[in-house]
Amino acid sequence: MHANTHRLALAFVFTMLLPACGRPAETAVGASAPDFSLSDLAGKVHRLSDYRGRVVVLEWINPNCPFSRRHAEEGTMTRTASAHSDVVWLAINSTAKNHRDFLTAEQQASYDKEHGINYPVLVDSDGKVGHAYGASTTPHMFVVDEQGKVIYRGAID
C-alpha cells in the first residue's frame, strides 16, 4: 500500500471511532435516564433514583447564558414548576470551576433568590452528569417519567 493510502485508511478509522469515544453521550427519548448523585447549594445530596415513581424535570442552567437568563427573568421555569407541584423540578449547573461563567454557591443562591428559583439547583462542575445526558445548551430540558425513562429532551420553548 502506498503511504498516502495508509494515512487515508488510518484517518478513516479514527473518524469512525471519534463519535463513540470523543463526544459526550446523548440520552435518547425512551432510554433509561442515567442515575446521578449531585449536591444542591446547601450540600444536600439528590439522587435521581430517589425520585423513582415521580415525574422529574431536569433543567440545565447557566445564569450567564443569555437564553437561560432570559427564561429566569421572565419566570418561565418557575411558573411552570409552580403549576405542576406534583413534578420534581431540579436545575443542574454544569459550569466548570475554571470557566469564566462559574458561580460560587453564594453567587448562585443570590441569583436564584433574585429570580424566584425555589427548586433545588444542583452542582455538576465536573460535567459528568451533563455529559451522561448529552446536555449541550442552556436551558436544556429533560423529562423523566415515573419508571425512569426519558420522555422529553430539548428546549423549554
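- Here the side chain of D35 pairs a donor or acceptor atom with the backbone of L48 at under 3.5 angstrom.
- A 4.5 Å side-chain heavy-atom check between M141 and L58 finds every atom pair outside the cut-off.
- Of the possible polar contacts, one joining the Q107 side chain to the T104 backbone as a donor-acceptor pair under 3.5 Å is found.
- The heavy-atom pair separating R153 from T27 by the smallest distance is NH1-O, 2.8 Å.
- Under the 3.5 Å distance criterion, the side-chain polar atoms of D124 are matched with a main-chain donor or acceptor of K128.
- Applying the side chain to side chain donor-acceptor pair (under 3.5 Å) test to H46 and every residue at least two apart in sequence or in another chain returns D40, Y51.
- Grouping the Ile, Leu, Val, Met, Phe, Trp and Tyr side chains by contacts below 4.5 angstrom, directly or via other members, places V129 with V88.
- The two residues T138 and I61 come nearest to each other via the heavy atoms CG2-C, 3.5 Å.
- F67 and Y152 fall into different hydrophobic clusters, where Ile, Leu, Val, Met, Phe, Trp and Tyr residues are linked whenever their side-chain heavy atoms come under 4.5 Å apart, directly or through other members.
- Side-chain atoms of R69 come within 3.5 Å of backbone atoms of P63 as a donor-acceptor pair (strictly under, hydrogens ignored).
- Nearest heavy atoms, W60 versus S94: NE1-OG, 2.8 Å.
- The closest donor-acceptor contact from the side chain of H99 to the backbone of D101 lies under 3.5 Å.
- For H115 and Y111, the distance between ring centers is under 6.0 angstrom.
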CA sep, side-chain torsions, deciding dist, call: L90, V56, side chain to side chain contact (heavy atoms under 4.5 Å, CB included): CA-CA 7 Å; L90 302 171; V56 178; 4.2 Å; yes
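- No donor-acceptor distance shorter than 3.5 angstrom exists from the side chain of D145 to the backbone of V55, with no hydrogens or angles considered.
- Connection of F102 to L38 is not established within any shared hydrophobic cluster, with ILVMFWY side chains joined at heavy-atom distances below 4.5 Å, either directly or through further cluster members.
- Every residue was checked against the ring pair (Phe, Tyr, Trp, His ring centres under 6.0 Å) condition with F36, not counting sequence neighbours, and none meets it.
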Side chain to side chain contact (heavy atoms under 4.5 Å, CB included) between I156 and H71, worked out: CA-CA 9 Å; I156 184 67; H71 284 293; 3.3 Å; yes
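- Placement of L103 and L122 in two distinct hydrophobic clusters is found when ILVMFWY residues are connected by side-chain heavy-atom separations under 4.5 Å, directly or transitively.
- Taking the ring centroids of F142 and Y133, they lie under the 6.0 Å cut-off.
- How far CD of E73 is from OG1 of T78: 11.5 Å, rounded to the nearest 0.5 Å.
- Put simply, the side chain of T80 reaches to within 4.5 Å of the side chain of W89, judged on heavy atoms.
- Here D112 contributes atom CG and L41 contributes atom CG; the two are 6.0 Å apart, rounded to the nearest 0.5 Å.
- Taken from OG1 in T76 to CZ in R70, the straight-line distance is 6.5 Å, to the nearest 0.5 Å.
- With rounding to the nearest 0.5 Å, the separation of OG in S82 from CE in M77 is 13.0 Å.
- Shortest non-hydrogen contact noted between T137 and H140 is O-CB, 3.0 Å.
- The minimum heavy-atom distance linking S39 with G43 is given by the pair OG-O, 3.9 Å.
- Heavy-atom minimum distance, Q108 versus N93: OE1-ND2, 3.0 Å.
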